[in-house]
There are 4 protein chains.
Amino acid sequence: MAEKVFLVIGAGAGIGGHAARRFAAGGYHAVLARRSDEEGLQRLVDGIVADGGSASGRLIDASLPDTIEDLIDDVERAIGPVEAALFNLGAQIGNRPLAATTPRMFELGWRLATFAPYRLARALLPRMAERGRGAFLVTSATAAVRGNSGQASHAAAMGGRRMLCQSLNAEFAPQGVHVAHILIDAAVDAPDTLGKMIGDRWDAFKDRMGEDGLVDPGAVAETYWHIAHQPRSAWTFEADIRPYRDVPWWNDNPITAIERN
Amino acid sequence: MAEKVFLVIGAGAGIGGHAARRFAAGGYHAVLARRSDEEGLQRLVDGIVADGGSASGRLIDASLPDTIEDLIDDVERAIGPVEAALFNLGAQIGNRPLAATTPRMFELGWRLATFAPYRLARALLPRMAERGRGAFLVTSATAAVRGNSGQASHAAAMGGRRMLCQSLNAEFAPQGVHVAHILIDAAVDAPDTLGKMIGDRWDAFKDRMGEDGLVDPGAVAETYWHIAHQPRSAWTFEADIRPYRDVPWWNDNPITAIERN
Amino acid sequence: MAEKVFLVIGAGAGIGGHAARRFAAGGYHAVLARRSDEEGLQRLVDGIVADGGSASGRLIDASLPDTIEDLIDDVERAIGPVEAALFNLGAQIGNRPLAATTPRMFELGWRLATFAPYRLARALLPRMAERGRGAFLVTSATAAVRGNSGQASHAAAMGGRRMLCQSLNAEFAPQGVHVAHILIDAAVDAPDTLGKMIGDRWDAFKDRMGEDGLVDPGAVAETYWHIAHQPRSAWTFEADIRPYRDVPWWNDNPITAIERN
Amino acid sequence: MAEKVFLVIGAGAGIGGHAARRFAAGGYHAVLARRSDEEGLQRLVDGIVADGGSASGRLIDASLPDTIEDLIDDVERAIGPVEAALFNLGAQIGNRPLAATTPRMFELGWRLATFAPYRLARALLPRMAERGRGAFLVTSATAAVRGNSGQASHAAAMGGRRMLCQSLNAEFAPQGVHVAHILIDAAVDAPDTLGKMIGDRWDAFKDRMGEDGLVDPGAVAETYWHIAHQPRSAWTFEADIRPYRDVPWWNDNPITAIERN
């Protein structure tokens, strides 16, 4: 018999994996999709099942044609309607001067961070609209609201993602589909994404940020669960998340704050 | 023995009253403060107590000196530490041309919507900071992010409120105090505020908005509860709320959307 | 015979004085209003007149009732219609913790930075609307778009100012009155405002910012002139201004940028 | 001998052509680039030359590899340094439901509106940085700051463009290169872009908007000239432009404004 499905694209050991676990605990069958590391994926699935949840894993490359579309077809046919989905792929490549940001990088950033969520939305939201319900969550980043030096690729991709989400919300919210763009405005305690990116500096970085100084992906998953289950009379489209000690993107470094207006 | 207190300033039958009820259900002693209608206030308190909660009511005029400050002193001495507070007063006076917006109105709008939350923050946040914990929630409105025609008073007051909250967050979040600015971007199903304001048109307005077309204050209270209890590694500063059918403030009316860029 | 008037409230040696000079050079009679230093004011007026311009000075305290309103009455009767006006008072008091930000300071900040431009608008914009033309420029600051630690008073006042300006624009632009909110997102090379505020550190600060590292008030005046004279088919409501080397308010300090999303 | 060049990509009869004419009048050699209509392009060039200016035209397809890069190489070698450039291509395809927005459309929108300005920036900004000066202007649209229903492709592309520009500014402004993102928040009086898009309804639309109700591209060109020549102590990164009668993107339709907060 059909189960209600929570699908996450970008299911690593960080926010994606924790969201899958949270929604499975709440009664969804969690489908965890990611590009590589079949073994790591299976460990996540096994962990959920061991806790009494229902889950399965898929390896897909979201940058290739038809992969996302076929996944939706297949999951809805084989498992059940995707009642909630999380797009959780980023495209952070670290800071690079424009000259070192090649057209290939720039295009790949867009393909993963803007085009892929559009494709997921196009494959899924009309189905949700037909059912008159559904939640479409998108993990986003500071770069969606401001571009820093060295972030030409990442910021362009994430800024496009945010405006995409606003457009999706405007079209699909009145049809009963809850679109939410959640702005993770800080470093996440996720060893296999940020950890890999900054490499050797990871431990020193964690130390410097202190206790609760990195975003706990389990806590984010709890907020995702809350947002996905708000009644339709009180939906949140955008919420930001950061640790208590971190500086929001709009704030100055305290040291330079005095002299600015 | 001291109870942990949830204090709401602006506790009517809408968001304020529902938040009080929700936090009382979660184990707080709810202190409901409002300016008038002692009887209505007592009904709210009695309702919470009848459901097994702990609550009390206070009549205060937040526009007068020392009222808020004395309330905090008194509540913390007589009941217990205010662990969570909600500033829920608005200053909507309907749309008025600038010429019909008198200095007295403009000042009163500021006094209620900007100065009063500053005073509450100044009386309360240093106490929370000393305890290293606490949640300070502020109900806000569309006018905090954009000024419409006829809204000179309201928008100036709410825009000030939002920047105040950002300043409070920057100072107190690192000390463990969670400040949140929640933007209610729609009409709330609250007969004794919006209902009173638009008067005879209320029923027709509700009909026009349709089922779930107004913000349900009980649903908002649930989101307030969630935000107030996020672990400090994943705090939300700002979230917007609106019904599924309503148009976010940034969207065009669909009819005029085609011709704009 | 009546001259067309450019009125500036907050006419010191910085942006206000330079704007007066620029508009006088363009054929306006410049009325320079400020609170104190009659001698300094007269020097500004004399300088403009020596260069062939037309100007006069007024000492007013914009925080007192009727001062602004009487000024408009008087200028329009004695000199001519105010065709362009600049509200140029700030309310920066430096960074202060909330506990050190007294209600008196907070109220004064609002009275100068939010209430005074509302009063100027209320005295002037209906006149402009009746004439079907006019420009109302407002100098604003970074604090209008984000609140920093220690800026509770300043940010609340400036955030209110920005939303006020949006409301004024929405009401008066369709009547032919150009409202513009110009965001000076940096330190201005103005010895008698910022210079006084940071005192002894002024020279070191200027050195640190380098050549062209502070906003040149004469350059700002040129942009004000441009905006005030855009044809009504292409009006700018908001523009930001900062020196080439400065970091916009939305950007991270380069040093911390790497680890954020 | 080398002339200083103003390059515009997207040089039709609207903003692009008028900017070329304005910069040519100011002493630049204007290079007008567009995709098609060699005859129309030649007319623009001839018009500028007839008025005593210096100009030349190029047909390029900005969606194809190397076209933009080769153009910069060629212009700088054959004519002179590009001291100011305007990226003026849009990607408006009218409102389309998500289901009718094909991957091919979505990708083309990005390729023209986000990838092409990145490519122009990458080819040009390092040259400007080496010279320690230059202006890089980007025409943008309302869709860069909010996504409407039916605008998934356009808003994603323009939102990416805006974040790209912020990143470029953060990297290149400190090197003396002025990046400006100008938000045209209204319909432009440009028969060969908007006019073509809305076809038969053009005349009725112009009538409905009234005198000065559409953005005059000549006025925009004047503002571009102003921004491109601000001294580096007072640069504008972002400015919005709309006709006096039009409603800014953040404002409600007056009719619905009353009931919202």
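Protein chains get the first letters and strands the later ones, always in sequence-line order, with residue 1 at the start of each.
Nearest heavy-atom pair across A:D246 and A:A187 is OD2-N, 4.5 Å. When all heavy atoms are compared, the tightest approach of A:A62 to A:L89 is CB-CD1, 3.6 Å. Here the closest heavy-atom approach between residue D:C165 and residue D:V179 is recorded as O-CG1, 3.8 Å. Taking each heavy atom of A:H154 and A:A141 in turn, the nearest pair found is CE1-CB, 4.3 Å.
Ranking A:P126, A:A123, A:A155 against chain D, the residue ahead of the rest is A:A155, based on heavy-atom pairs under 4.5 Å. When each of A:A157, A:S153, A:A170 is scored by its heavy-atom pairs under 4.5 Å with chain D, the top score falls to A:A170. Contacts with chain A were tallied for D:L125, D:V145, D:N169; D:V145 has the most, counting heavy-atom pairs under 4.5 Å.
Using a 4.5 Å cut-off between heavy atoms, A:A152 contacts chain D through both its backbone and its side chain. With a 4.5 angstrom heavy-atom cutoff, A:R122 touches chain D via backbone and side-chain atoms both. Both the backbone and the side chain of D:A121 have a heavy atom closer than 4.5 Å to some heavy atom of chain A. Residue contact with chain D, scored on non-hydrogen atoms closer than 4.5 Å, is absent for A:R161.
Of all residues spanning residues 64-76 of chain A, none has a heavy atom less than 4.5 Å away from chain D's heavy atoms. Applying a 4.5 Å heavy-atom cutoff, the residues of residues 97-106 of chain D that approach chain A are D:P97, D:L98, D:A99, D:T101, D:T102, D:P103, D:F106.
Panel note: side chain A:S140, backbone A:I182; no donor-acceptor pair is recorded below 3.5 Å. With D:W235 contributing its side chain and D:Q230 its backbone, the two residues share a donor-acceptor pair below 3.5 Å. Without hydrogens or angle criteria, D:R34 side chain to D:A11 main chain gives a donor-acceptor distance under 3.5 Å.
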Q) Under the side chain to side chain contact (heavy atoms under 4.5 Å, CB included) criterion, do D:V8 and D:Y224 qualify, and how do the steps go? A) CA-CA 12 Å; D:V8 51; D:Y224 282 12; over 6 Å; no

**Q.** Trace of the side chain to side chain contact (heavy atoms under 4.5 Å, CB included) decision for D:L183 with D:R242
**A.** CA-CA 9 Å; D:L183 212 150; D:R242 71 185 63 77; 5.8 Å; no

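Within a 6.0 Å radius of CZ in A:R35, no more than 12 heavy atoms belonging to other residues, nucleotides or ligands are found.
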